[in-house]
Amino acid sequence: MMNHSKHVAYLIIISLLCTSTVILGAVLTLILLCKKKPVQTQETPPPTKPSAQVYPLTNIDVATDGFNHRRIVGEGRFGTVYAAIFEKGQIAAVKRIHSRHVLSNAGFGFSRILRSISLAQHPNIVPIIGYSEGPGERIIVMEFVGMVCLDYYLHQNSDGASLDWNHRLKIAAGAAKGLEYLHEGVAPNIIHGCVKASNILIDVNFCARVCDYGLSFLAPQEKRGLLGHVDDEYWDGGLGGGGGACKESDVYGFGVVLLELLSGRLCDEGRLVNWSLPLIKEKRFSEFLDPRLAIPSEILPLVRLAKVASACVGNSRKSRPSIGQVATILSSLEMDESMT
Ligand SMILES: Nc1ncnc2c1ncn2[C@@H]1O[C@H](COP(=O)(O)OP(=O)(O)OP(=O)(O)O)[C@@H](O)[C@H]1O
């Protein structure tokens, strides 16, 4: 009798122990799961930029006051840029594509390309907010950048001295980062197509913002405004011949921008490259550097920048550095400069 009740007691204790072990296990698992939650949140990718907004043409018309000429802020190869004011006071830059490009590109997927390039988001690029389409009309809506472009600072502003060496280096490093993002940081990658000083806008903090990227499909073979800003290979062969815009032709264009920043001279349809390369090679910097530039006591960073520029423009496509490599060098030069 005693043995039987002992046996029952053992059974009860064992089953109680088993139950509490299961409960303890469940509680521990729950605690561990709860603790893991913040890790999951950290791994969540940052929110992506929403795709381009599609604007009705009437909204664009109202925002630009009927494409009023007083609202024109610039004129380029592809179109006219207007300052637009949308509802709620939102200011944007509106690029109205010239009708000749609209007609020649009617079937070339304007909206598909705009939706794709509008996903790009980086502090050194000008984001595309939206677009508009209609019969004979193609319009791109971009963030408005409040200051002027690098071309103005270097070549149209008689007081070019206001761009000192530090500003020039900051602009070069910033533009390189923007291009690096377009080439390597966004999927699908974006070929700029026409890297030049007028496509580098400068904001109020002297931060470079690359604009007009991914639009070469609108007029790939139009030489005006492009000659000298792309390599010779660009014009070779045409479709299927290995020519046209590519990452290497963008690097070439960026090399020309560096030469302009260093020398203060215009690209002059490619003549700047021919003039600069021997001077850099023979270290004739007093002839090469912008006379408005107060030469810093430590000239080595200037020499390094000139060498980077030479590598971008002097080599064939195959042996040109990538924009990522260029951006790394310029960032380290900028960092060294800020520490002196
Ligand atoms: N997002 C913007 N915000 C403010 N101003 C802009 C903006 N985009 C362009 N601009 C102004 O409009 C001018 C013309 O720009 P656009 O890009 O059309 O021509 P471009 O750079 O001179 O030539 P291309 O068409 O060959 O690139 C620029 O120089 C700049 O002053």
Side-chain angles (χ1 to χ4, degrees), residues 52-53 55 60 63-64 67-86 90-102 104-105 114 117-118 120-132 138-157 163 171 174-175 178-179 182 190-230 234 245 249-250 252-254 256-257 260 266-270:
Q53 194 178 330
Y55 287 83
I60 304 280
T64 56
F67 296 104
N68 192 323
H69 69 274
R70 290 201 185 124
R71 294 287 192 86
I72 295 177
V73 292
E75 190 82 48
R77 277 183 310 148
F78 303 131
T80 309
V81 183
Y82 296 81
I85 306 167
F86 288 93
Q90 183 206 11
I91 300 176
V94 157
K95 178 173 278 204
R96 187 186 201 187
I97 307 298
H98 294 313
S99 51
R100 63 178 188 279
H101 298 316
V102 175
S104 60
N105 279 283
L114 264 288
I117 60 177
S118 72
Q121 189 178 25
H122 186 274
N124 294 109
I125 66 163
V126 179
I128 289 170
I129 306 169
Y131 65 92
S132 187
R138 298 285 187 278
I139 282 155
I140 302 171
V141 183
M142 300 165 274
E143 185 186 302
F144 191 90
V145 178
M147 294 263 281
V148 290
C149 64
L150 178 60
D151 185 72
Y152 176 86
Y153 264 117
L154 286 177
H155 309 306
Q156 297 167 51
N157 176 14
L163 267 190
I171 290 165
L179 286 170
L182 294 176
I190 298 170
I191 306 294
H192 188 291
C194 183
V195 179
K196 59 180 181 177
S198 67
N199 284 333
I200 299 174
L201 304 183
I202 314 293
D203 72 13
V204 284
N205 300 313
F206 279 97
C207 175
R209 313 276 303 276
V210 177
C211 70
D212 250 12
Y213 44 87
L215 299 182
S216 56
F217 74 99
L218 286 167
Q221 290 297 313
E222 187 171 306
K223 291 198 166 173
R224 192 177 58 94
L226 189 59
L227 206 60
H229 301 285
V230 287
Y234 181 98
S249 63
D250 278 358
Y252 181 95
F254 186 69
V256 175
V257 170
E260 289 185 44
L266 282 160
C267 158
D268 198 12
E269 298 191 340

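Numbering of ligands and ligand atoms starts at 1, following listing order.
- Asp212 has no carboxylate O lying under 4.0 Å from a charged side-chain N of Lys196, or vice versa, which leaves the two without a salt bridge.
- Remark: Asn68 engages Asp65 in a side chain to side chain donor-acceptor pair (under 3.5 Å) (not counting sequence neighbours).
- Put simply, the side chain of Leu150 does not reach to within 4.5 Å of the side chain of His155, judged on heavy atoms.
- Looking from atom 16 (P) of ligand 1 to the surrounding protein, the closest heavy atom is Lys95 NZ, 3.5 Å.
- Interface atoms of ligand 1 facing Val126, defined by a heavy-atom separation under 4.0 Å, are 1 (N).
- Close approach of ligand 1 to Asn199 is summarised as follows: ligand atoms under 4.0 Å from at least one heavy atom of the residue are 17 (O), 21 (O), 27 (O).
- At the shortest separation from atom 28 (C) of ligand 1 among protein heavy atoms lies Ser198 O, 4.3 Å.
- Closest heavy-atom contact between Ser216 and Ala245: OG-CB, 4.1 Å.
- Among all protein heavy atoms, the one lying closest to atom 19 (O) of ligand 1 is Gly76 CA, 3.2 Å.
- Residue contact annotation: Lys196 has a non-hydrogen atom under 4.0 Å from ligand 1.
- The shortest contact between atom 17 (O) of ligand 1 and any protein heavy atom is with Asp212 OD2, 2.7 Å.
- Atoms of ligand 1 found under 4.0 Å from any heavy atom of Cys149, numbered from 1 in the order shown, are 29 (O).
- Every atom of ligand 1 is numbered from 1 in the order shown, and the set under 4.0 Å from a heavy atom of Glu143 is 1 (N), 2 (C), 3 (N).
- Protein heavy atom nearest atom 15 (O) of ligand 1, with residue, atom name and distance: Val81 CG2, 3.9 Å.
- In terms of heavy-atom proximity, Ala52 sits nearest to Gly130 at CB-CA, 3.8 Å.
- The protein heavy atom nearest to atom 25 (O) of ligand 1 is Arg77 N, 2.7 Å.
- Ile139 has its side chain within reach of Phe67: a pair of non-hydrogen atoms, C-beta onward, lies under 4.5 Å apart.
- Under the 4.5 Å side-chain criterion, counting only non-hydrogen atoms from C-beta, Val257 is not in contact with Ile171.
- For the side chain to side chain contact (heavy atoms under 4.5 Å, CB included) with Ile190, the lone residue among Ile125, Leu182, Leu179 that qualifies is Leu182.
- Looking at Val94 and Phe86, their side chains come closer than 4.5 Å, going by heavy atoms from C-beta outward.
- When Arg77, Arg138, Glu222 are each tested for a side chain to side chain contact (heavy atoms under 4.5 Å, CB included) with His101, only one passes: Glu222.
- Here the protein heavy atom with the shortest distance to atom 7 (C) of ligand 1 is Leu201 CD1, 3.5 Å.
- Nearest non-hydrogen protein atom to atom 4 (C) of ligand 1 is Val145 O, 3.3 Å.
- For ligand 1, the atoms sitting less than 4.0 Å from at least one non-hydrogen atom of Gly74 are 12 (O), 13 (C), 14 (C), numbered in the order shown with element in parentheses.
- Heavy atoms of Val148 come nearer than 4.0 angstrom to ligand 1 in no pair at all.
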